[in-house]
Amino acid sequence: MRFVSLIAALALTLSACTATPPSAPDLLEANTAQLQKQMTAGTLTAEQLVQYYLTRIQRLDDQGPQLNAVISVDPSALAQAKALDKERQAGKIRGPLHGIPVLLKDNIDSFGVANTGGSVLFQDNLPADDAFLVKKLREAGAIILGKANLSEWANFRSTRSSSGWSAMGGQTRNPYDPSVSTCGSSSGSGAAVAANLTALAVGTETDGSLVCPGAINGIVSIKPTLGLVSRDGIIPIAHSQDTAGPMTRTLSDAVLLLQVMAGEDTSDAASYTDSRDFTQHLIKDGLRGKRIGVVRSLMGYHPLLDSVFEQQLEVLRAQGATLVDTELDEQWGDDEFTILLHEFKADMAAYLATTKLPYRSLNDLLEANLQHQEQELAIFGQEIFAMAVARTDEQQAEYLEALARAKRLAGAEGIDALLAKDKLDLLIAPTVGPAWKTDHINGDHYLGAASSAAAVAGNPHITIPMGFVEVPGSPALPVGMSFFGAAKSEPVLIEAAFGYEQSSQKRRPPPLN
């Protein structure tokens, strides 16, 4: 049940009189600065750019490889573009995102488009207003292109789920190999950016759902410090870990997007103001003088991945970084699951209270899924929903103890302790193993990942493409390098990650026509 086909076709019909956009090589893989340069020169308009992406969505998402990365196109996208073109013609430029299309993960409120979370239960969930981060994007001149497919309920419904599947959008397919996973719940955002179906995208993460699809789809993603980007208007899992973040083809674009989305929101208790200009930390020699911890305990689960990573360590050394081997003892797994289950029940009820839907609790959703089981439960169940519903007020003390312990083990006694021990600026590791075959019988096949410590601690984490895992006779699969560190250390991570990205240049578009 995908909304995109009819809406995209309508948009294409309405724009039939629009001038033909520049040829694909001028726009394919183009970053924000390059697009702005073309717009300034008068060789490209925002309307043409939206048209270009709508055409690619129709050709590659609806047809061809049927990537299923997009659930719905915003019917006002072309009107937004035309209005911003008029502003440009009048000499008003709102900033570096003026006229640039952005795709939102379909768990983020955007006025005029249903926010479904991937579920048919939410197909009529029309938000009364924009999420705080969407308001910021509009103010900056970004165009809301539409909504990206995702793992339904942000991959927090079943213990046997398949990443990238939702009842609303079907199975998202990896543009490098449609038979393998797109990983994490921000799967559609990752696949859409990788396949050049949009200039920029926004995803969300609780643990891994920004950086895992970032790495597996060969793009850049930033999971910011908890509170840097408001959680307002986002269908939740758990407030102690949830955050939105940028997903782009280059780090410079990710930083531009983060800079716009960041800002204090009085309705979000964790929100804070960071007055630093993150774009000033996009420096090519950002690795020089950095002491970097190589977290060896986050390796060893895939030999081909380790081989690619070891080769890239030489790039870091050549750029002036000092590498120190270290180990991170991850002891918070059970506590994290307790936290997520406990917060999910209350946080979902709080979100439902803001909607006009007939549901007011997670138990209502669990029962409604049974009523729509042919659409919702055909592939996997809702065991996690059931476990979260079973949480009681009497378990509040257990939850608070788990929360304090997990934050301490991942933060003060985890990341922070490693940084202090060897006087390190940041930590690195392979982001996640290469993509596995999509499997609706057994579910996901995670081998290992570097996301958990930063996710639990609420600290920043950046993934950058670091190459490909390749074997004869099979498509090359992208893998990523993770840069993570202390809370609010975005500038340090951006410097190191940008230095690596610029010296390695490992981003390579998927083999799509």
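- Sorted by first then second residue, the side-chain hydrogen bond (donor to acceptor under 3.5 Å, both in side chains) pairs that include residues 215-225, not counting sequence neighbours, are Thr225-Glu490.
- Side-chain polar atoms of Ser297 and Asp329 form no donor-acceptor pair below 3.5 angstrom.
- Ser151 places a side-chain N or O within 3.5 Å of a backbone atom of Gly164 that can act as its donor or acceptor partner.
- No hydrogens or angles considered: a donor-acceptor pair under 3.5 Å links the side chains of Asn115 and Tyr351.
- Scanning for salt bridge (charged side-chain N to carboxylate O under 4.0 Å, His left out) contacts around Arg231 gives Asp268, with sequence neighbours left out.
- Shown here are the salt bridge (charged side-chain N to carboxylate O under 4.0 Å, His left out) partners of Asp347, two or more places apart in sequence or in another chain: there are none.
- The two residues Ile219 and Thr248 make their nearest non-hydrogen contact at CB-O, 3.2 Å.
- For residues 181-213, the set of pairs meeting the ring-ring contact (aromatic ring centres under 6.0 Å, His included) definition, not counting sequence neighbours, is empty.
- For residues 174-205, the pairs satisfying ring-ring contact (aromatic ring centres under 6.0 Å, His included) are Tyr176-Phe468, with sequence neighbours left out.
- Ser209 and Pro213 make their closest contact through O-CG, 3.1 Å (heavy atoms, listed as atom of the first residue, atom of the second, distance).
- Considering OG1 of Thr206 and NE2 of His239, their distance stands at 12.0 Å, rounded to 0.5 Å.
- Between the side chains of Ser482 and Thr431, a donor-acceptor pair is found at a separation under 3.5 Å.
- Using a 3.5 Å distance cut-off with no hydrogens or angles, the side chains of Ser230 and Asp265 do pair a donor with an acceptor.
- Taking the charged nitrogens against the carboxylate oxygens, Glu29 and Arg507 do have a contact shorter than 4.0 Å, which makes a salt bridge.
- Taking every heavy atom of both residues into account, Leu210 and Gly245 meet most closely at CD2-O, 3.5 Å.
- In summary, the side chains of Glu264 and Ser271 do not present any donor paired with an acceptor at a separation below 3.5 Å, with no hydrogens or angles considered.
- With sequence neighbours left out, the salt bridge (charged side-chain N to carboxylate O under 4.0 Å, His left out) criterion links Glu413 to Arg408.
- Between the side chains of Ser179 and Lys437, at least one donor N or O lies within less than 3.5 Å of an accepting N or O.
- Within the structure, every pair that satisfies the disulfide bond (SG atoms under 2.5 Å apart) test and touches residues 147-234, not counting sequence neighbours, is listed here: Cys183-Cys212.
- Glu336 has its side chain out of reach of Glu330: every pair of non-hydrogen atoms, C-beta onward, lies at least 4.5 Å apart.
- The closest side-chain donor-acceptor pair between Asn31 and Ser252, if any, does not fall under 3.5 angstrom.
- Trp332 and Ser452 are linked by a side-chain donor-acceptor pair at a separation below 3.5 angstrom, with hydrogens and angles left out of the test.
- Side-chain polar atoms of Thr32 and Asp253 form a donor-acceptor pair below 3.5 angstrom.
- Here the closest heavy-atom approach between residue Ala410 and residue Ala453 is recorded as CB-O, 3.7 Å.
- For the ring pair (Phe, Tyr, Trp, His ring centres under 6.0 Å) test, no residue two or more places apart in sequence or in another chain qualifies with Tyr359.
- Between the side chains of Tyr446 and Ser163, at least one donor N or O lies within less than 3.5 Å of an accepting N or O.
- Applying the disulfide bond (SG atoms under 2.5 Å apart) test to residues at least two apart or on different chains, none of the pairs has a partner in residues 340-394.
- Under the ring pair (Phe, Tyr, Trp, His ring centres under 6.0 Å) criterion, Phe156 pairs with Phe344, sequence neighbours left out.
- With Gln58 contributing its side chain and Thr55 its backbone, the two residues share no donor-acceptor pair below 3.5 Å.
- By the salt bridge (charged side-chain N to carboxylate O under 4.0 Å, His left out) test, Asp335 is found to be paired with Arg405, residues two or more places apart in sequence or in another chain being considered.
- Atoms CG and CH2, from Asn174 and Trp436 in turn, are 10.0 Å apart once rounded to the nearest 0.5 Å.
- For the pair Thr463 and Val211, the tightest heavy-atom approach, listed with the atom from each and the gap, is CG2-O, 3.6 Å.
- Pairing each heavy atom of Glu376 with each of Leu121, the nearest pair is OE2-N, 4.3 Å.
- Residue pairs meeting the ring-ring contact (aromatic ring centres under 6.0 Å, His included) criterion with at least one partner in residues 107-132, sequence neighbours excluded, are Phe122-Trp153.
- Of the possible donor and acceptor atoms, one in the side chain of Asn68 sits under 3.5 Å from a partner among the backbone N and O of Gln171.
- For the 3.5 Å distance criterion, the side chains of Arg157 and Ser166 fail to qualify, holding no donor opposite an acceptor.
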Problem set entry | Stepwise side-chain contact (heavy atoms from CB on, under 4.5 Å) test for Val479 and His302 | CA-CA 11 Å; Val479 289; His302 197 290; over 6 Å; no
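- Ion pairing of Glu205 with Lys105 is absent here, as no side-chain N (NZ or NE/NH1/NH2) approaches a carboxylate O to less than 4.0 Å.
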